[in-house]
Amino acid sequence: MTILISNTMSGKKETFETIEPGKVRMYVCGPTVYSEAHIGHAMSAMAFDVIRRYLEYRGYQVIHAQNFTDIDDKIINRARDLGISPDQLAEDMILEWIAQTARLNIKPATIYPRATQEVDTIIELISSLIEKGTAYHVPGGDVYFRVDRFENYGKLSHRKLDDMIAGSRIDVDENKEHPMDFVLWKAAKEGEPAWESPWVPGRPGWHIECSAMIQRHLGGQIDIHGGGSDLIFPHHENEITQSESANCGCALARYWVHNGMLELRGQKMSKSEGNLVTIRELLDMGGGEIFRFMVLGSHYRSPMAFGEDTYEAAKRGLDRLIGAVRDLDRREVPPSRPDHPLADAADEARAKFETAMDDDFNTPEALAALFDFGRIINRERDQDGATPELRYAQAQLQDLAAVLGLKLRKPETTAIDSAPFIDLLVDIRTQLRSAKQFELADQVRDQLAERGIIIEDFPSGSSWRAGS
RNA sequence: GGCGCCGUAGCCAAGCGGCAAGGCAGGAGUUUGCAAAACUCUGAUCGGCGGUUCGAAUCCGCCCGGCGCCUCCA
């Protein structure tokens with residue numbers, strides 16, 4: 001088994017080899033918790049959820065850390081607007097995030113470090129950088145990193161220091177020695193949250209928290225460092241710079257993995273532009289799994305467009321997959337692999353699935369294997385009905401889908417409460433049909449359809465489900 | 001201006017040197033009281049122009065178009 005994984009650092013797909021056999025240390029950048037998360041965040045979290053699930057499926061033990069940036073200017077400002085403390089705002093948003101990602105069937109991270117809980121480590125890290133002469137503090141109290149002291153500054157984002165200055169759009173802080181120097185510690189202004197430090201009371205700069213967390217929780221060197229492609233520069237570049245300056249100079253992460261951006265109306269979805277759909281809105285539409293299906297339908301590295309039309313198409317596509325296992329009852333699944341063409345088809349699907357996923361987590365291709373397998377299942381069911389072999393195949397399909405985080409279960413929505421009554425109506429309708437009272441039977445079906453209940457007739461009888 | 005990514009059927013999207021996966025939509029059929037679902041069949045020479053090669057959507061060059069990063073951002 002060889003897994004290939006593309007690495008932003010080299011720009012190539014590389015063979016995946018962990019630092020410690022059988023164990024993966026994965027750190028994924030999470031949100032800055034100042035306002036509600038949008039589905040671009042969800043997409044990123046899902047992409048890494050799938051990578052994690054697959055690595056686990058392949059037998060790795062995965063330690064998955066996802067941080068929260070719970071202190072920064074935007075949090076302070078928004079909290080002020082809302083009239084609550086930055087602490088409170090961050091806490092609310094974190095709880096929201098954890099609840100929402102759970103509803104999106106994203107596995108909870110192994111650890112959720114937060115910037116404010118790493119201040120000691122951050123201070124140690126900064127101190128050692130100052131000692132080594134790669135960081136300096138200025139009269140105002142801010143501490144900066146000296147980028148020109150790091151030989152390969154720009155190695156991740158593939159740029160040169162000189163080019164960056166030329167294209168710099170920011171006003172350069174007078175205090176900085178070099179325009180690209182970045183802040184490690186920010187002096188607090190009046191009324192802002194502050195932590196004591198050897199310099200001035202203040203708070204950590206953005207990039208340093210991740211370095212500290214990796215240092216403290218993951219042993220300083222990790223296998224996979226992930227996040228959105230918008231974090232490559234400056235965030236990840238600076239992380240590398242400060243971490244590798246502080247430690248032995250060895251690589252912070254073996255594989256840098258970045259997901260493409262989610263686009264809305266042709267532009268990157270973003271909070272600051274207000275160009276977004278929130279996770280809450282998605283969940284309110286009942287679109288959690290549909291969205292996951294969309295995410296799986298394009299490669300994680302590519303940008304993905306979100307729109308009404310693609311959403312609808314995804315909904316139907318997912319329905320098709322669900323349809324293949326809709327009547328599955330796990331209690332009818334034989335305990336061992338039957339000797340049957342369906343079992344062969346299952347093996348083949350699994351093989352294709354693994355080949356696709358081994359190649360840099362090619363979920364669109366993995367999905368294709370699932371669709372092919374689903375068709376075989378449908379065909380067999382049309383022919384031979386619900387045999388134990390069919391159940392075996394369906395269970396296999398569902399298990400493979402689960403590796404992608406798809407549950408493939410029919411939505412058990414509001415129908416639950418009214419289920420006995422719907423059953424009754426369907427019963428009566430069956431009697432009407434056998435009495436050839438088709439007009440009445442059709443009325444029942446149509447009127448239930450108006451209420452979101454879909455009746456389907458099969459040779460074996462009628463079934464219903466909630467749909468739209 | 002610099003760096004990176006992308007341009008494949010009506011739409012979404014794999015493939016990355018050897019006769020173009022899959023999904024949605026559409027068309028024809030099978031099944032069905034009808035409907036739905038399902039099943040079968042059905043569509044592209046891969047932005048443009050050159051080049052490398054026995055052979056290119058896949059490699060190289062140029063051009064056109066789009067996106068991202070270079071400031072906070074998953």
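Convention: sequence-line order gives letters A, B, ...; per-chain numbering from 1.
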Worksheet item: Mind checking who B:A21 pairs with, Watson-Crick or G-U wobble, both distances under 3.5 Å?
Response: none

Worksheet entry | Value in whole Å for how far the C1' atom of B:A13 lies from CG of A:Asp360 | 16 Å

Worksheet item: Do A:Asp49 and A:Arg52 sit within salt-bridge range, that is, some charged N less than 4.0 Å from a carboxylate O?
Response: no

Worksheet item: If you find the nucleotide of RNA chain B closest to A:Ser298 and the one closest to A:Met269, which residue's nucleotide is nearer the 5' end?
Response: A:Ser298

Fill in: Interatomic distance where NZ belongs to A:Lys160 and P belongs to B:G2 [whole Å]
11 Å

Discussion item. So A:Leu262 and A:His38, do their side chains get closer than 4.5 Å, heavy atoms only?
Written reply: no

Worksheet item: Rounded to the nearest 0.5 Å, what separation is found between the CG atom of A:Leu231 and the CG atom of A:Asn259?
Response: 8.5 Å

Worksheet item: CG of A:Asn238 versus P of B:C70: gap in Å, rounded?
Response: 11 Å

Item to complete: With P as the reference atom in both, quote the distance from B:G18 to B:G10 in angstrom, rounded to an integer.
Response: 26 Å

Worksheet item: Is A:Lys352 close enough and on-axis enough to A:Phe373, meaning under 6.0 Å and within 45°, for cation-pi?
Response: no

Item to complete: Using the C1' atoms only, state how far B:G55 lies from B:C64, rounded to an integer number of Å.
Response: 28 Å

Discussion item. Let's see if you can work this out: which of B:G2, B:G68, B:A13 has an atom nearest to the side-chain heavy atoms of A:Gln267?
Written reply: B:G68

Worksheet item: Just wondering, do A:Phe182 and A:Leu184 contact through their side chains at under 4.5 Å, heavy atoms?
Response: yes

Fill in: Pairwise C1' distance for B:C39 and B:G50, with rounding to whole Å
48 Å

Discussion item. So A:Gly30, base contact, sugar-phosphate only, or nothing? Heavy-atom distance under 4.0 Å.
Written reply: sugar-phosphate

Discussion item. For the C1' atoms, the ones on B:G47 and on B:A57, what distance do you get once it is rounded to whole angstrom?
Written reply: 12 Å

Worksheet item: With rounding to whole Å, what would you report as the distance between B:C34 and B:A25 at their P atoms?
Response: 23 Å

Worksheet item: Using purine N1 to pyrimidine N3 plus N6-O4 or O6-N4 for Watson-Crick, or N1-O2 and O6-N3 for G-U wobble, each under 3.5 Å, what pairs with B:C39?
Response: B:G29

Worksheet entry | Spacing of the P atoms in B:C49 and B:C54 (rounded, Å) | 23 Å

Worksheet item: Watson-Crick or G-U wobble partner for B:C67, using a 3.5 Å limit on both distances?
Response: B:G4

Worksheet item: When we call it a touch if two heavy atoms are under 4.0 Å apart, what does A:Met294 touch: a base, just sugar-phosphate, or nothing?
Response: nothing

Discussion item. Between B:U58 and B:G17, how far apart are the two P atoms, rounded to whole Å?
Written reply: 11 Å

Worksheet item: Under the side-chain hydrogen bond (donor to acceptor under 3.5 Å, both in side chains) test, which residues partner A:Lys160, sequence neighbours left out?
Response: none

Worksheet item: With a 4.0 Å cut-off on heavy atoms, is A:Leu231 in touch with a base, just the backbone sugar-phosphate, or nothing at all?
Response: sugar-phosphate

Practice prompt. Measure up the A:Phe68 and A:Trp97 rings against each other and bin them: parallel (under 30°), tilted (30 to 60°), perpendicular (over 60°).
Written response: perpendicular

Worksheet item: Taking only side-chain nitrogens and oxygens of A:Ser302, does any of them come within less than 4.0 Å of OP1 or OP2 of B:C67?
Response: no

Worksheet item: Which part of the nucleic acid, if any, lies within reach of A:His158 when heavy atoms closer than 4.0 Å are counted: base, sugar-phosphate only, or nothing?
Response: sugar-phosphate

Worksheet item: Does B:A74 have OP1 or OP2 sitting under 4.0 Å from an N or O in the side chain of A:Thr32?
Response: yes

Worksheet item: Rounded to the Å, how far apart are A:His258 NE2 and B:C67 P?
Response: 22 Å

Worksheet item: B:U45 pairs with which nucleotide, Watson-Crick or G-U wobble, both distances below 3.5 Å?
Response: none

Practice prompt. Round to the nearest Å and state the distance from A:Phe361 atom CZ to B:A13 atom P.
Written response: 21 Å

Response to the item:
In Watson-Crick or G-U wobble terms, with both distances under 3.5 Å, the base opposite B:A57 is none

Worksheet item: Within the structure shown, what part of the strands sits under 4.0 Å from A:Gly266 by heavy-atom distance: base, sugar-phosphate, or nothing?
Response: sugar-phosphate

Worksheet item: In whole angstroms, how far is the P atom of B:G68 from the CE atom of A:Met261?
Response: 10 Å

Worksheet entry | Residue mapping more 5' on RNA chain B - nearest nucleotide basis, A:Phe233 or A:Asp359 | A:Asp359

Worksheet item: What interatomic distance, in whole Å, is found between P of B:A13 and the corresponding atom of B:C24?
Response: 15 Å

Worksheet item: Which parts of nucleotides 21-39 of chain B does protein reach within less than 4.0 Å, heavy atoms only, written one letter per nucleotide 5' to 3' as B for base, S for sugar-phosphate only and - for none?
Response: BSSSS-------BBBBSBS

Discussion item. Output the rounded distance in Å from CZ (A:Arg301) to P (B:G7).
Written reply: 12 Å

Discussion item. For A:Glu289 and A:Arg409: C-alpha separation, side-chain torsions, deciding distance, then whether salt bridge (Lys or Arg N to Asp or Glu O under 4.0 Å) applies.
Written reply: CA-CA 10 Å; A:Glu289 184 146 291; A:Arg409 302 219 178 81; over 6 Å; no

Discussion item. Mind checking if A:His299 touches a base, just sugar-phosphate, or nothing, with heavy atoms under 4.0 Å?
Written reply: sugar-phosphate

Worksheet item: Is there a donor-acceptor contact under 3.5 Å from the side chain of A:Asn7 to the main chain of A:Arg254?
Response: yes

Fill in: d(CG, A:Leu156; P, B:G2) in whole Å
21 Å

Response to the item:
Result for side-chain contact (heavy atoms from CB on, under 4.5 Å) between A:Asp359 and one of A:Glu365, A:Glu354, A:Lys13 points to A:Lys13

Worksheet item: Which part of the nucleic acid does A:Asn362 contact within heavy-atom distance under 4.0 Å: base, sugar-phosphate only, or nothing?
Response: sugar-phosphate

